[in-house]
Amino acid sequence: MEQTLYLVLLLIALCSVSECVQRQYHFINVLKTWTEAQRYCREKYTDLATADNMNDMNVLNKSVTDGGVKNVWIGLQKTSVNKWQWSSGDPALYLNWRSGQPDGIDECAFMRNGQWEDWSCTNNLSFICSSFNKRLVFVNQTMNWRDAQSYCRQNHIDLVSVRNQNENQQIQKFINDSHISNEVWIGLFRDSWQWSDQRNSSFRYWFTGEPNNFGGNENCAAISKKVWGQWIDEPCMRQYPFVCHEDKLILIKENLTWPEALRYCRQNHVDLVSVHSEEMQRRLMNVVKGASTAEVWLGLHNYCIMNMWLWLSGENMCYQNWAPGNGTTPENCNLEKRKGAVQSGGDQRWVSLPETRKLNFICTNYE
């Protein structure tokens with residue numbers, strides 16, 4: 001009994017764990033065109049660098065170890081597709097434009113009386129963030145669209161997405177019931193810039209006035225060390241050093257049982273993924289969107305003898321994101337071994353499933 005109590009206390013003490021980043025950045029101090037840099041990164045690592053948020057950008061900028069360089073290629077390139085998308089990275093499948101909108105000029109969207117209008121992203125409005133558990137948060141400060149996006153990502157999840165008519169009505173009811181400003185930014189924007197690895201990341205970190213397409217052929221993005229690591233657009237044929245990224249979370253689209261998935265990850269990568277914090281859950285959410293199964297295996301297992309859930313990495317579950325009705329130890333857990341998975345759609349909460357279920361899974365490359 002004393003030994004069991006000691007182990008429980010030890011696991012609780014281990015709750016403060018170091019956070020990992022989703023990918024590792026590699027600065028390559030060799031001059032190449034954007035296309036040559038892309039080819040190099042795909043051969044040696046995963047791809048030219050992608051950034052999902054400011055944490056990524058801070059790490060990416062720190063990876064540039066030569067203080068003498070001026071511009072550094074990243075994996076963002078202009079395409080011919082100028083489509084509306086949500087800040088979360090989701091495609092805009094449901095649209096509720098006011099008559100005559102969008103007018104084809106502006107690139108950000110706000111809601112007024114339940115309908116949407118496009119407007120210049122540099123204008124200032126109050127805005128609505130989405131938070132965990134489908135909670136809406138009104139921010140009674142006026143900001144331009146990019147600053148509002150950054151605020152929501154730093155303090156909640158993102159600027160609010162509207163995926164169907166029901167959600168649109170819920171948001172308008174929230175506005176009416178809260179007696180807040182009737183004109184608010186939502187997370188809808190458009191641009192023609194896409195990441196080399198095809199990731200849906202809608203994070204942008206342009207310097208003021210960029211991209212400006214000076215000369216009409218600036219179709220690739222670079223970090224400018226002259227403007228504090230923000231981005232500028234440049235002709236793709238110019239030669240700069242560059243940053244590659246190596247993914248640390250890998251979605252495997254094979255349907256395997258939990259023990260089979262564990263074996264696969266340990267043979268081909270490092271382990272099944274552990275999720276220790278809200279930040280890691282956000283990163284996981286970006287990865288599982290591409291799954292072909294409704295749930296995706298995590299490195300989460302039920303330790304029957306102690307009536308608790310543990311990560312394969314040995315850490316206790318300090319952060320939890322269970323769907324309702326999940327996360328408890330079933331009475332028959334010795335007969336039907338259960339493991340943890342994350343939903344690939346909806347709220348992307350964790351669920352408890354029999355380990356014999358065949359699902360996609362996520363491996364990690366962290367040592």
Side-chain angles (χ1 to χ4, degrees), residues 20-83 85 89 146 190-251 268-269 283 286-287 290 363-367:
C20 301
V21 294
Q22 181 175 331
R23 59 182 67 91
Q24 183 176 352
Y25 294 107
H26 303 272
F27 173 58
I28 311 298
N29 199 2
V30 178
L31 297 180
K32 291 184 180 292
T33 67
W34 191 91
T35 302
E36 291 170 344
Q38 180 192 54
R39 185 181 306 117
Y40 180 98
C41 290
R42 288 178 172 178
E43 290 175 354
K44 303 290 185 181
Y45 300 100
T46 300
D47 214 317
L48 264 172
T50 296
D52 289 328
N53 50 47
M54 276 309 303
N55 288 335
D56 284 353
M57 272 311 305
N58 292 334
V59 176
L60 198 161
N61 277 319
K62 287 179 182 177
S63 74
V64 182
T65 53
D66 185 345
V69 301
K70 294 181 179 179
N71 297 327
V72 180
W73 288 130
I74 57 173
L76 196 64
Q77 185 180 40
K78 189 189 294 183
T79 70
S80 60
V81 179
N82 193 2
K83 62 182 180 180
Q85 59 184 320
R146 292 290 176 197
R190 67 172 182 171
D191 71 11
S192 55
W193 292 83
Q194 299 293 319
W195 292 100
S196 175
D197 63 359
Q198 305 302 305
R199 191 178 299 270
N200 284 329
S201 173
S202 56
F203 176 75
R204 305 290 186 264
Y205 192 48
W206 297 110
F207 181 63
T208 302
E210 300 281 345
N212 59 14
N213 197 26
F214 181 77
N217 66 339
E218 293 188 334
N219 297 322
C220 291
I223 295 170
S224 173
K225 302 306 282 187
K226 295 184 292 185
V227 292
W228 308 288
Q230 291 185 265
W231 305 348
I232 59 174
D233 55 344
E234 287 281 286
C236 303
M237 292 306 295
R238 288 187 179 168
Q239 294 191 332
Y240 296 132
F242 51 97
V243 177
C244 305
H245 79 254
E246 182 180 8
D247 282 341
K248 292 297 183 182
L249 300 181
I250 312 296
L251 173 65
N268 297 281
H269 299 280
R283 297 181 180 276
N286 287 328
V287 177
C363 300
T364 177
N365 281 329
Y366 294 115
E367 296 292 343

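These figures come from a predicted structure and were not determined experimentally.
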Main-chain N/O of [Y] paired to [X] side chain as donor or acceptor, under 3.5 Å:
| X | Y | answer |
| --- | --- | --- |
| Tyr25 | Thr50 | yes |
| Trp34 | Ile74 | yes |
| Trp73 | Cys220 | no |
| Thr46 | Asp247 | yes |

* To do: Let me see the working for Leu76 and Trp206 under side chain to side chain contact (heavy atoms under 4.5 Å, CB included), right down to the final yes or no.
  => CA-CA 11 Å; Leu76 196 64; Trp206 297 110; 3.9 Å; yes
Do [X] and [Y] have side chains that get closer than 4.5 Å, going by heavy atoms?
| X | Y | answer |
| --- | --- | --- |
| Leu48 | Gln77 | no |
| Asp197 | His245 | yes |
| Phe242 | Cys41 | yes |
| Glu218 | Pro211 | no |

Looking at [X] and [Y], what are the two nearest heavy atoms and their distance?
| X | Y | answer |
| --- | --- | --- |
| Pro241 | Leu31 | CD-CD2, 3.5 Å |
| Ile28 | Cys244 | CG1-SG, 3.9 Å |
| Gln38 | Ser196 | NE2-OG, 2.8 Å |
| Tyr45 | Glu246 | CD2-OE1, 4.2 Å |

* To do: Any chance you could measure Ser192, atom OG, to Asn213, atom CG, to the nearest 0.5 Å?
  =>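 If we round to the nearest 0.5 Å, Ser192:OG and Asn213:CG are 9.0 Å apart.
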* Take Val64 and Val243 through the side chain to side chain contact (heavy atoms under 4.5 Å, CB included) test and state the conclusion after the steps. => CA-CA 8 Å; Val64 182; Val243 177; 4.0 Å; yes
* Taking Asn365 as the fixed residue, which of Lys248, His269, Gln24 is the one that meets the side chain to side chain donor-acceptor pair (under 3.5 Å) rule? ->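 Exactly one option meets the side chain to side chain donor-acceptor pair (under 3.5 Å) with Asn365, and it is His269.
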* When you look at Met57 and Met54, which way does the side chain to side chain contact (heavy atoms under 4.5 Å, CB included) test go after all the steps? -> CA-CA 5 Å; Met57 272 311 305; Met54 276 309 303; 4.2 Å; yes
* Asked: Under the side-chain hydrogen bond (donor to acceptor under 3.5 Å, both in side chains) criterion, do Gln194 and Thr79 qualify, and how do the steps go?
  -> CA-CA 7 Å; Gln194 299 293 319; Thr79 70; 5.0 Å; no
* Show the numbers, then the answer: is there a side chain to side chain contact (heavy atoms under 4.5 Å, CB included) between Val30 and Tyr40? => CA-CA 10 Å; Val30 178; Tyr40 180 98; over 6 Å; no
* Asked: What residue pairs, at least two apart or across chains, pass side chain to side chain donor-acceptor pair (under 3.5 Å) with a residue in residues 229-240?
  ->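 The answer is Asn71-Tyr240, Glu234-Arg238, Glu234-Tyr240.
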* **Set of side chain to side chain donor-acceptor pair (under 3.5 Å) partners for Arg204, sequence neighbours left out** =>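 Scan of Arg204 (side chain to side chain donor-acceptor pair (under 3.5 Å), adjacent residues dropped) gives Asp191.
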